[in-house]
Protein chains: 2
Amino acid sequence: MGTTQLEAAPEPKYWHLKTVLSEALDSEFAVGEILPNERDLAARFGVARATLRQALEQLELEGRLQRRRGVGTTVAPPRVGVAVASTDQDWPGASGDAWQAVDCVPDVPPAAVADMLETAPGETVHVLRRTRVSHGQPVAAELLYVPSTSVPDLTAIDAPSGAARARAVLRELQRFGLDGQDRAVELGSARADDAKELDRLPGAPVLVVTTRYLSGGVTAAVSMATYRADTCRLTFGDSAGVEIHHAPHTQAS
Amino acid sequence: MGTTQLEAAPEPKYWHLKTVLSEALDSEFAVGEILPNERDLAARFGVARATLRQALEQLELEGRLQRRRGVGTTVAPPRVGVAVASTDQDWPGASGDAWQAVDCVPDVPPAAVADMLETAPGETVHVLRRTRVSHGQPVAAELLYVPSTSVPDLTAIDAPSGAARARAVLRELQRFGLDGQDRAVELGSARADDAKELDRLPGAPVLVVTTRYLSGGVTAAVSMATYRADTCRLTFGDSAGVEIHHAPHTQAS
DNA sequence: CAGTGGTCTAGACCACATC
DNA sequence: ATGTGGTCTAGACCACTGA
């Protein structure tokens with residue numbers, strides 16, 4: 001006998017921990033409630049703090065928890081549905097869109113964007129910064145790249161930078177027909193500037209939505225929007241209002 | 001004097017490391033190339049292995065690296081664009097779609113899905129499993145929930161489970177008109193079964209795409225597809241063929 | 001088998017928020 | 001000043017891959 005081990009489960013501790021915590025969150029905690037601190041939790045489960053943290057990290061990634069330095073770990077509300085695309089297509093800045101212009105400066109776009117815009121290397125474009133707020137919380141930060149050729153009639157009357165300038169650029173865009181747009185979504189990590197805007201630490205997971213606006217057979221503008229991955233569910237179509245019971249993903253087999 | 005420190009950079013080591021490695025990847029490594037092992041790299045940069053791993057983790061999250069236990073860390077190819085929705089809407093299983101039916105069993109759907117389908121609690125539905133392959137690599141695993149009412153004429157002739165059964169269900173679906181569909185995308189972590197299918201470890205980051213198929217005013221089917229977040233860029237519209245230079249996100253200020 | 005990445009520990013110190 | 005989460009260390013052992 002001796003080594004009789006019905007323990008056929010080489011399941012990592014942090015994984016099991018995550019499952020246990022997840023169930024506890026469902027049954028014993030209310031949204032917004034503060035969990036015991038990490039040192040206590042680790043002691044209670046008989047693991048090192050690093051292991052406990054590995055479990056918390058996953059739960060935060062899944063939008064179940066929210067951790068804030070100096071404050072504590074709280075139970076997160078369900079993710080908010082954020083409408084990224086509806087059936088109608090329209091220019092950014094069209095009346096009623098969810099974004100707020102923050103700034104506008106001329107700058108050289110990153111290579112990937114210059115590619116789509118087919119601008120020359122080193123050529124500057126209008127770079128608008130916009131933010132999006134939902135339920136009182138910032139959910140996304142956007143950089144919108146608009147080449148000068150897309151807003152030929154932009155006058156020098158407006159300020160050379162700032163929110164007013166941004167609004168002027170958006171106004172000029174509306175004057176052209178929008179042929180179509182296409183999008184891509186991928187996982188990224190927040191740059192320092194975006195992180196600040198989103199009230200997260202640099203490196204936080206974000207969903208990066210790249211949108212190309214097509215007009216007159218060319219790409220007239222490119223938007224790169226970074227959404228907080230922990231709090232957002234991006235919706236396409238009419239499903240914005242659909243309520244989700246709980247995290248539709250994740251759980252042990 | 002004494003404590004003169006021009007070091008005004010309380011930037012975390014792993015963050016700086018990530019930046020350095022990222023630049024090295026751009027300039028000194030080819031896709032598929034194997035990096036030195038973690039212990040060597042850590043020693044080379046004068047940090048603990050855990051710190052080095054924190055940097056590698058982020059780079060893997062961003063799709064720059066691929067790590068495989070027992071093998072090593074390799075430079076990942078650019079993310080593949082995966083078409084999730086085109087302008088045409090169609091049922092799953094329509095000719096030419098990218099999915100391959102694997103299995104079909106009756107089961108009770110998770111609460112969130114039962115909600116959308118408006119099935120009674122405890123009511124079983126057809127649960128199809130499908131996988132999606134791109135460039136020879138598995139990129140997504142799907143669970144498709146189809147209530148019996150959506151396939152009323154499904155005969156008992158077919159096998160009670162298995163791929164043949166799955167194809168029969170899909171065939172029956174095509175017989176009805178599709179009114180529309182809407183989608184949501186969010187970040188999740190791979191369940192054990194999905195992870196196996198995607199050739200990843202459990203807990204790996206995935207993009208969860210939830211699709212509702214509407215027919216006759218009701219939700220006729222619900223699909224929950226999990227895409228590998230490290231290797232996939234989900235595309236909506238006509239941008240599937242667009243080439244991306246490099247990770248359009250992330251980097252220090 | 002040797003070598004890889006994956007997990008885990010028990011500490012330490014730091015940055016930050018709050019009282 | 002206290003308590004929180006965030007970073008970091010220097011080890012250890014395990015699970016897996018491939019020769």
Side-chain angles (χ1 to χ4, degrees), chain A residues 3 5 7-19 21 33-61 65-76 189-190 192 195-196 199-205 230, chain B residues 3 5 7-19 21 33-61 65-76 189-190 192 195-196 199-205 230:
Chain A
T3 62
Q5 284 201 200
E7 279 292 347
E11 188 182 50
K13 276 190 189 179
Y14 78 91
W15 185 262
H16 181 246
L17 237 185
K18 186 192 119 180
T19 308
L21 284 170
E33 200 168 344
I34 303 180
L35 267 62
N37 72 52
E38 297 183 348
R39 292 163 179 84
D40 284 355
L41 275 179
R44 182 175 311 188
F45 287 105
V47 299
R49 190 177 157 219
T51 304
L52 185 268
R53 277 181 61 81
Q54 214 171 337
L56 293 185
E57 235 152 73
Q58 284 237 356
L59 289 170
E60 189 177 31
L61 198 80
L65 292 180
Q66 185 155 359
R67 298 192 286 176
R68 274 173 304 173
R69 169 154 53 178
V71 179
T73 301
T74 57
V75 180
S189 46
K196 193 178 159 195
D199 194 25
R200 299 256 62 196
L201 290 178
D230 55 343
Chain B
T3 62
Q5 283 200 199
E7 279 291 349
E11 190 182 48
K13 277 191 187 178
Y14 78 92
W15 185 261
H16 181 247
L17 238 185
K18 186 192 119 180
T19 308
L21 284 170
E33 199 169 342
I34 303 180
L35 268 62
N37 71 54
E38 297 184 349
R39 290 163 180 84
D40 284 355
L41 276 178
R44 180 175 314 188
F45 287 104
V47 299
R49 190 178 158 219
T51 304
L52 185 268
R53 276 180 63 80
Q54 215 173 337
L56 294 184
E57 234 152 75
Q58 284 235 357
L59 289 170
E60 188 177 32
L61 197 79
L65 293 178
Q66 185 154 359
R67 299 192 284 176
R68 273 173 306 173
R69 170 155 49 178
V71 179
T73 301
T74 57
V75 181
S189 47
K196 194 178 159 196
D199 195 23
R200 299 257 61 196
L201 290 178
D230 56 342

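Heavy-atom basis, side chains included; hydrogens, waters and symmetry copies ignored. So that the names make sense, note that chain A is the first sequence line, chain B the second, and so on, each numbered from 1.
Rounded to an integer number of Å, the gap from Lys13(A) NZ to dG6(C) C1' is 14 Å. Atoms CZ (Arg69(A)) and C1' (dG5(D)) sit 7 Å apart, rounded to a whole Å. Rounding to whole angstrom units, CD of residue Gln54(B) and P of dA10(D) are separated by 15 Å. Protein atom CG of Asp40(B) is 11 Å distant from nucleotide atom P of dG3(C), rounded to whole Å. The interatomic distance linking Arg53(A) (CZ) with dT4(D) (P) rounds to 14 Å, in whole Å. Atom CD of Glu38(A) is separated from atom P of dA10(C) by 16 Å (rounded to the nearest Å). Nucleotide dA19(D) holds its P atom 11 Å from the CD1 atom of Ile34(B), rounded to whole Å. Rounded to an integer number of Å, the gap from Glu60(A) CD to dG6(D) C1' is 11 Å.
Take Arg53(A) and apply the side chain to side chain donor-acceptor pair (under 3.5 Å) test, not counting sequence neighbours, and it matches Glu38(A).
Contact check, Tyr14(A) against dT7(C): a side-chain N or O comes under 4.0 Å of OP1 or OP2. Between Arg67(B) and dG6(C) there is a side-chain N or O to OP1 or OP2 distance below 4.0 Å. Taking 4.0 angstrom as the limit, Arg68(A) places none of its side-chain polar atoms (N or O) nearer than this to OP1 or OP2 of dA17(C). Note on Thr51(A): a side-chain N or O is less than 4.0 Å away from OP1 or OP2 of dT9(C). Contact annotation: Asn37(A) side-chain N/O to dT4(D) OP1/OP2 distance is under 4.0 Å. Dashed line: the shortest gap from a side-chain N or O of Thr73(A) to OP1 or OP2 of dG5(D) is under 4.0 Å.
Taking 3.5 Å as the limit, the base of dG5(C) and the side chain of Arg39(B) contain a donor-acceptor pair of atoms between them.
A distance of 5.0 Å separates CG of Leu65(A) from CG of Leu59(A), quoted to the nearest 0.5 Å. Put simply, CD on Glu57(A) and OH on Tyr14(A) are 10.5 Å apart, with the number rounded to the nearest 0.5 Å.
Thr51(A) has its side chain out of reach of Phe45(A): every pair of non-hydrogen atoms, C-beta onward, lies at least 4.5 Å apart.
A pairwise comparison of heavy atoms in Leu201(A) and Arg69(A) identifies CD2-NH2, 4.0 Å as the closest pair.
When each of Arg49(A) and Leu201(B) is assigned the nucleotide of DNA chain C bearing its nearest heavy atom, the one mapping closer to the 5' terminus is Leu201(B).
The side chain of Ala48(A) lies closest to dA10(C) when the candidates are dG6(C), dA10(D), dA10(C).
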